[in-house]
Amino acid sequence: MDSVQYRKAIERTMNHSLSEKEKLAMLAMGIAGEAGEIVDTLKKVIFHGHELDRDELIKELGDLEWYLQHLKKHYNISDEVVFISNIMKLNKRYPNGFSKKDSINRKA
């Protein structure tokens with residue numbers, strides 16, 4: 001499944017009665033909330049001695065993706081544009097791959 005198919009499939013689960021402001025607030029809060037769920041899942045592994053519940057992590061990543069895709073769709077931003085923009089930023093910031101020095105003296 002590609003992102004175009006995914007966006008079409010998730011469209012039916014958007015609450016279309018929300019105003020634009022409400023929709024954007026819900027998407028931003030959802031991204032933060034799902035990121036928190038992912039952090040909590042990993043916290044249990046790192047600090048509480050749990051085994052990784054891979055299925056749970058996949059579910060939470062999927063929930064995060066739902067919010068991200070709706071936000072990108074709202075502003076007509078493709079995954080490809082995000083990927084390319086991110087790689088360009090990383091290449092500028094870390095021209096020779098990650099280094100502590102470049103991280104401390106980050107450019108943009």
* Quick one: ring pair (Phe, Tyr, Trp, His ring centres under 6.0 Å) partners of Y94, sequence neighbours excluded? -> F98

* Structure fact -> On a heavy-atom basis, the closest approach of A9 and R12 is O-CG, 3.6 Å

* Could I get the full list of side chain to side chain donor-acceptor pair (under 3.5 Å) partners for S78, not counting sequence neighbours? => none

* Around atom CD of E80, are there more than 12 heavy atoms of other residues, nucleotides or ligands at under 6.0 Å? -> no

* Structure fact -> With sequence neighbours left out, the residues meeting salt bridge (Lys or Arg N to Asp or Glu O under 4.0 Å) with D40 are K43, K44

* Asked: So, S85 side chain and V81 main chain: donor-acceptor pair closer than 3.5 Å or not?
  -> no

* Asked: By the rule that ILVMFWY residues connect when side-chain heavy atoms come within less than 4.5 angstrom, directly or transitively, which residues belong alongside M88?
  -> I84

* Looking at CD of Q5 and CD1 of I10, how far apart are the two atoms once the value is rounded to the nearest 0.5 Å? -> 12.5 Å

* Between K23 and M14, is any pair of side-chain heavy atoms under 4.5 Å apart? -> yes

* For S99, what residues pass the side chain to side chain contact (heavy atoms under 4.5 Å, CB included) criterion, not counting sequence neighbours? -> K101, D102

* Between OG1 on residue T41 and CG on residue L52, distance to nearest 0.5 Å -> 8.0 Å

* **Partners meeting side chain to side chain donor-acceptor pair (under 3.5 Å) with D2 (sequence neighbours left out)** => none

* If you group Ile, Leu, Val, Met, Phe, Trp and Tyr by side-chain heavy-atom gaps below 4.5 Å, do L24 and M29 land in one group? -> no

* Applying side chain to side chain contact (heavy atoms under 4.5 Å, CB included), name anything that partners D79, two or more places apart in sequence or on another chain. => S3, R7, Q69, K72, F83

* Got a sec, which residues hit side chain to side chain donor-acceptor pair (under 3.5 Å) with H74, two or more places apart in sequence or on another chain? -> E20

* **Path from I31 to V82 over hydrophobic side-chain contacts below 4.5 Å** => yes

* Measure the spacing between CD of E65 and CD1 of I58 and express it to the nearest 0.5 Å. => 13.0 Å

* Close side-chain approach of L71 to L68, heavy-atom, < 4.5 Å -> no

* List in chain and number order the residues that pass side chain to side chain contact (heavy atoms under 4.5 Å, CB included) with E51, two or more places apart in sequence or in another chain; answer none if no residue qualifies. => none

* Asked: Can you name the residues that form a side chain to side chain contact (heavy atoms under 4.5 Å, CB included) with E22, not counting sequence neighbours?
  -> L18, S19

* To do: Please say whether more than 12 non-hydrogen atoms of neighbouring residues, nucleotides or ligands are located less than 6.0 Å from CG in N76.
  => no

* Closest heavy-atom pair and its distance - R106, S103 -> CG-O, 2.8 Å

* Structure fact -> In this structure, CG of L42 is separated from CD of E37 (nearest 0.5 Å) by 12.0 Å

* Structure fact -> To the nearest 0.5 Å, atom CD1 of I87 lies from atom NZ of K89 at 10.0 Å

* To do: Could you note down all residue pairs passing ring-ring contact (aromatic ring centres under 6.0 Å, His included) where residues 53-72 supplies at least one of them, sequence neighbours left out?
  => W66-H70

* Which distance, rounded to the nearest 0.5 Å, do you find between the CD1 of I38 and the CG of L64? -> 4.5 Å

* To do: Sequence neighbours left out, what passes salt bridge (Lys or Arg N to Asp or Glu O under 4.0 Å) with E11? Give chain and number order.
  => K73

